[in-house]
Trainee: 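Here you go, one structure.
Quick note: numbers below take in every heavy atom, side chains included, and nothing from hydrogens, waters or symmetry partners. Nothing fancy with the numbering, it's 1 onward along the sequence. Just follow the structure's listing: the first ligand is 1, and inside any ligand the first atom is 1.
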Amino acid sequence: MSEIPGHILALDEADPLAGLRDRFVLPEGLIYLDGNSLGALPKKSILRANETVLHEWGNSLIRSWNVHGWIEAPQRVGAKIAALIGAKPNEVIVADSVSVNLFKLILAAAPLAPDRHQLVTESGNFHTDLHIASGAVELVPGMRLRIEPRDAVEQAIGDDTNLLLLTHVHYKSGARFDMAAMTAKARAAGALTLWDLSHSVGALPLHLNRDGAELAVGCGYKYLNGGPGAPAFLYVAEHLQDRLMSPLRGWMGHAAPFDFTDDYVPAAGISRFLAGTPPVLSLAALEAGVESFAGVDLEALWAKSVSLFDLVVRTVEERCAGFGLECISPADPALRGSHISYRHPHAFEICQALIDAGVIGDFRAPDVVRFGLTPLYLSHADIWEGVDRMVAILESESWREPRFAVRGKVT
Ligand SMILES: *Cc1c(COP(=O)(O)O)cnc(C)c1O
């Protein structure tokens with residue numbers, strides 16, 4: 001193992017965000033380049049989860065719904081997320097998963113334009129988005145899914161577009177759509193846009209209001225550090241909220257859930273997008289995760305992400321040339337998110353060998369190894385060390401060991 005060069009250490013010394021790492025539990029010696037799949041554990045989450053379980057659940061029991069604000073947690077945590085995405089506090093609510101929220105918003109939006117029959121999206125979009133969309137359109141008479149390659153999506157928007165469904169930052173390549181431009185394009189054609197922010201929120205500054213976004217969903221367990229299976233969030237622009245009806249009309253989205261009436265009356269505003277009882281323990285962890293951004297300037301966070309990205313590019317170019325790694329992420333920061341991906345015919349084995357060497361990234365089928373560059377808790381030294389361990393694997397070809405070809409259920 002080589003010593004970390006002085007100019008790399010100097011980058012960390014000059015990093016105004018370096019102290020944020022102390023907010024997280026990170027195992028000694030591990031280089032964690034997967035915070036875009038499962039964010040690290042915030043120290044605060046341990047205390048918050050304990051407090052919620054032992055004190056609130058254990059002692060206060062059912063009284064906690066009122067006394068400890070459990071019932072308002074979806075709106076309260078939603079408002080905290082709103083601050084990270086350039087939305088108003090009453091435009092975001094925490095509920096369900098990204099998949100379920102996509103379903104709710106696709107079907108809530110469809111009736112606003114009953115004469116338009118296409119849901120336009122991108123081929124190679126994250127598969128759950130495509131699967132959910134395919135099921136949702138079957139429930140709307142005449143509606144169909146139009147899946148276009150990335151560079152043809154824009155031209156596909158037209159008179160028959162009911163909804164444009166896009167993932168802001170692509171889960172594999174990291175390529176980023178221009179939110180303002182695509183939303184405006186769809187709006188000019190008379191269609192709404194639904195953004196999936198799963199690989200954006202908590203990594204780059206987002207400006208949903210400024211960019212005219214109408215609908216969005218996003219993930220709680222990636223850059224927001226909400227913990228495994230954390231609930232997701234959804235955003236509906238204020239002016240649309242009372243015109244949309246959730247297709248999942250649960251009691252928690254009712255105007256008066258505790259009146260126990262037979263008829264459904266939607267709650268005013270964003271709360272109508274709740275369905276069932278909120279997952280209180282998961283919400284507590286997510287709230288602590290979101291609070292790990294407290295006092296953090298998102299522009300500074302993004303600047304650090306750019307700096308980490310540049311360091312990966314430079315060190316891989318310098319030290320891994322000739323080993324067949326091909327960067328598939330856009331170089332221009334304006335065109336990408338906070339992860340970097342490389343194509344390699346043996347990406348799976350290299351990824352496993354890296355994990356064995358204490359560098360956790362992930363493999364994305366069929367041939368991509370992806371590194372999440374979470375600017376809240378990674379240092380430039382981590383990047384240098386991670387690439388250093390990869391150099392050793394590539395030079396020795398240790399990735400050829402048969403044990404690195406064994407595939408688990410989750411990749
Ligand atoms: C991670 C991710 C999801 C996750 O969906 P869940 O329903 O929360 O499992 C959805 N869409 C995209 C684009 C993602 O990156």
Trainee: Between V100 and ligand 1, is there a nitrogen or oxygen pair with a distance under 3.5 Å?
Mentor: no
Trainee: Pick whichever of H127, H199, K222 has a heavy atom sitting closest to atom 1 (C) of ligand 1.
Mentor: K222
Trainee: Under a 4.0 Å heavy-atom limit, does D129 contact ligand 1 with its side chain, its backbone, both, or neither?
Mentor: side chain
Trainee: Checking R336 against F309: charged group under 6.0 Å from the ring centre and within 45 degrees of the axis?
Mentor: yes
Trainee: Parallel, tilted or perpendicular: which describes the rings of W195 and H168, with under 30° parallel and over 60° perpendicular?
Mentor: perpendicular
Trainee: Under 3.5 Å between any N/O of D196 and any N/O of ligand 1: does that happen in this structure?
Mentor: yes
Trainee: Among all protein heavy atoms in this structure, tell me which lies nearest to atom 5 (O) of ligand 1, with the distance rounded to 0.1 Å.
Mentor: V98 CB, 3.4 Å
Trainee: Distance to 0.1 Å, residue and atom name: give those for the protein heavy atom nearest to atom 9 (O) of ligand 1.
Mentor: Y221 OH, 3.3 Å
Trainee: Using only atom types and a distance under 3.5 Å, with no angle test, would you say the side chain of D362 pairs donor to acceptor with the backbone of T411?
Mentor: no
Trainee: Can H68 and S60 be counted as having a side-chain donor-acceptor contact under 3.5 angstrom?
Mentor: yes
Trainee: Could you tell me which atoms of ligand 1, counted from 1 in the order shown, lie closer than 4.0 angstrom to a heavy atom of T167?
Mentor: 13 (C)
Trainee: Would R319 and W384 count as a cation-pi pair here, with the cationic atom under 6.0 angstrom from the ring centre and within 45° of the axis?
Mentor: yes
Trainee: Which atoms of ligand 1 sit under 4.0 Å from any heavy atom of S97?
Mentor: 7 (O), 8 (O)
Trainee: For atom 7 (O) of ligand 1, which protein heavy atom lies nearest, and how many Å away is it?
Mentor: S99 OG, 2.5 Å
Trainee: For R400 and E349, run salt bridge (charged side-chain N to carboxylate O under 4.0 Å, His left out): C-alpha distance rounded to whole Å, both residues' side-chain angles, the deciding distance at 0.1 Å, then the answer.
Mentor: CA-CA 7 Å; R400 290 191 190 274; E349 291 85 347; over 6 Å; no
Trainee: Does the N or O separation between T128 and ligand 1 drop below 3.5 Å for any pair?
Mentor: no
Trainee: Which residue in the set F404, W399, F323, F363 passes ring pair (Phe, Tyr, Trp, His ring centres under 6.0 Å) when paired with H346?
Mentor: W399
Trainee: Hydrogens and angles aside, do R370 and S37 bring a side-chain donor and acceptor to less than 3.5 Å of each other?
Mentor: yes
Trainee: Give the contacting part of S198 toward ligand 1: side chain, backbone, both or neither, where contact means a heavy-atom distance below 4.0 Å.
Mentor: side chain
